[in-house]
Amino acid sequence: MQAVMYSAMSDALRELLRSAKNVVVLTGAGVSAESGVPTFRGGGNTTVWKGMPFDVISSAGMLERDLAAVWEWFNYRRGLLASLKPNPAHEAIASWQDKFSEFALVTQNIDGLHQAAGSRHVIEMHGNIWRARCFDCGTRHDVRELKFDQGVPSCFDCGGHLRPDVVLFGEMLPTGAFERAAAAAQHCELCLVVGTSAVVYPAAALPEIARAAGAYVVEVNPERTPLSDSCDEVITGKAGEILPLLRRD
Ligand code: OAD
């Protein structure tokens, strides 16, 4: 099984894994799928919660209409995540960070599993589900310290309402996150795109930026995506099985 996958890797990728100095990895929900985190899309399905598509409950409009419902949705998702562990894909990515002169990990995931696997300086495009942020003073808190089960938690510092420190549909990305990711993509030689449906912008623009700047772009995904046709290489399969085979020894 492994030999078949390994032989599916091109000589160009094998050589880049040996020689590249500057590597960017972009991950999406699929990198956490083998840890048990449900993806939003893929396999012909879209996540629905209490009759609402995820992009309705996870939206700026819902934050204004019903902040408690937004908290309930993220409490539910944190409940799903609480006992989950990083998988071999997260571990492989963490092992790469010290093997290339320059390495950037950009994730759309909010689950914190890259950090749990040991990845440092992760560029989080969509925030982190384990953090809350105050509407009034902007202070960030670890949700695990808030000790609330329902309703809307309050800021320890000013008493204002807290919100999940994640990017909702209709909101801007955290200041500087896209700029840092785009700068890394602009300068990399190898860009690995792992477990993303590549439909949510601006994250989906990063492989395009990398390719336009001359990088070799590789997609790892069991399904084809809108990016597949413009990649230099597509490795079809699960991240947890394929990434450990992409080694720089
Ligand atoms: P999606 O759920 O849209 O896509 C998941 C991708 O992972 C699909 O292309 C699957 O084929 C692939 N996949 C599934 N299992 C896999 C595995 N074991 N190994 C590798 N790939 C696998 O997730 P994202 O692209 O991350 O944004 O979604 C982007 C954004 O849409 C999310 O960050 C979130 C969502 O709305 C916000 O909440 C702002």
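In this chain, residues are counted from 1 in sequence order. Remember, it's 1-based here, ligands and their atoms both numbered in the order they're listed.
The distance criterion of under 3.5 Å between nitrogen or oxygen atoms is not met by Gly28 with respect to ligand 1. The distance criterion of under 3.5 Å between nitrogen or oxygen atoms is not met by Val200 with respect to ligand 1.
Among Val220, Val167, Val37, the residue whose heavy atom lies closest to atom 38 (O) of ligand 1 is Val167. Of all the listed residues (Glu241, Arg41, Gln108), Arg41 holds the heavy atom that lies closest to atom 31 (O) of ligand 1. Of the listed options Ser228, Ser197, Gly127, Ser197 places a heavy atom closest to atom 1 (P) of ligand 1. Heavy-atom proximity to atom 5 (C) of ligand 1, evaluated over Gly237, Gly195, Ala198, is greatest for Gly195.
Seen from the ring of Trp130, Arg144 counts as a face-on cation partner, given the 6.0 Å and 45° thresholds.
The aromatic rings of Phe54 and Phe40 sit tilted, their planes meeting at an angle between 30° and 60°. Taking the six-membered ring where the residue is Trp, His141 and Phe156 present perpendicular rings, their angle passing 60° and hence far from 30°.
Contacts of Lys238 with ligand 1, taken as heavy-atom pairs under 4.0 Å, involve both backbone and side chain.
Look at Asn221 and you'll find a heavy atom under 4.0 Å from some atom of ligand 1. Residue contact annotation: Pro222 has a non-hydrogen atom under 4.0 Å from ligand 1.
No side-chain donor-acceptor contact under 3.5 Å links Arg140 to the backbone of Arg131. A donor-acceptor contact shorter than 3.5 Å links the side chain of Asp232 to the backbone of Val217.
Tyr216 pairs in a side-chain hydrogen bond (donor to acceptor under 3.5 Å, both in side chains) with only one of the listed residues (Glu15, Glu189, Glu233), which is Glu233. Just one residue in the list Thr27, Leu81, Leu113 forms a side chain to side chain contact (heavy atoms under 4.5 Å, CB included) with Ser32, and that residue is Leu113.
When each atom of ligand 1 is checked for a heavy atom of Glu34 under 4.0 Å away, the hits are 17 (C), 18 (N), 19 (N). In the vicinity of Phe169, heavy-atom distances shorter than 4.0 Å reach the ligand 1 atoms 36 (O).
Using a 4.0 Å cut-off between charged nitrogen and carboxylate oxygen, Arg224 and Asp229 count as a salt-bridge pair.
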